[in-house]
Undergrad: 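Before I ask anything, let me first share the structure, which is written out below as structure tokens.
Values reported hereafter were calculated over all heavy atoms of this structure, with side chains retained and with hydrogens, waters and symmetry mates removed. Throughout, numbering of the chain's residues begins at 1 and tracks the sequence.
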Amino acid sequence: MDQPPASLDLTSEPPRAPRSTASPANFLGVTFECCGVYTRIYRNKNGDAYVGRCPRCLASLTVGIGPGGQSGRFYTAS
């Protein structure tokens, strides 16, 4: 028995799950002025601070997380 070839519709995208706004991002984008480089710093295991280092000179940066904080995600460290 001959069957017609299967068809595939590639004209529509599958539905996407909505982004959750309840969960904060787990990183901050930071430009280190010391070396003029951008990198991400991530939340520590305790979830009470973002920690990281300049990728060139290894200067450390810790940014505390607390009530009444900033909503920005990108910063410059000097």
Undergrad: Mind checking whether Phe32 and Leu61 have side chains closer than 4.5 Å, heavy atoms only?
TA: yes
Undergrad: Are the side chain of Arg73 and the backbone N or O of Phe27 linked by a donor-acceptor pair below 3.5 Å?
TA: yes
Undergrad: Please report the closest heavy-atom contact between Ile41 and Gly52, naming both atoms and the distance.
TA: CG2-CA, 3.6 Å
Undergrad: Report the distance from atom CD1 of Ile65 to atom CG of Asn46, rounding to the nearest 0.5 Å.
TA: 10.0 Å
Undergrad: Heavy atoms only: give me the nearest Leu28-Tyr50 pair and the separation to one decimal.
TA: CD1-CD1, 3.6 Å
Undergrad: Could you check whether any side-chain heavy atom of Val51 comes within less than 4.5 Å of a side-chain heavy atom of Ser60, counting everything from C-beta outward?
TA: no
Undergrad: Ignoring hydrogens, what is the shortest heavy-atom contact between Tyr42 and Arg40? Give both atom names and the distance.
TA: OH-CD, 3.3 Å
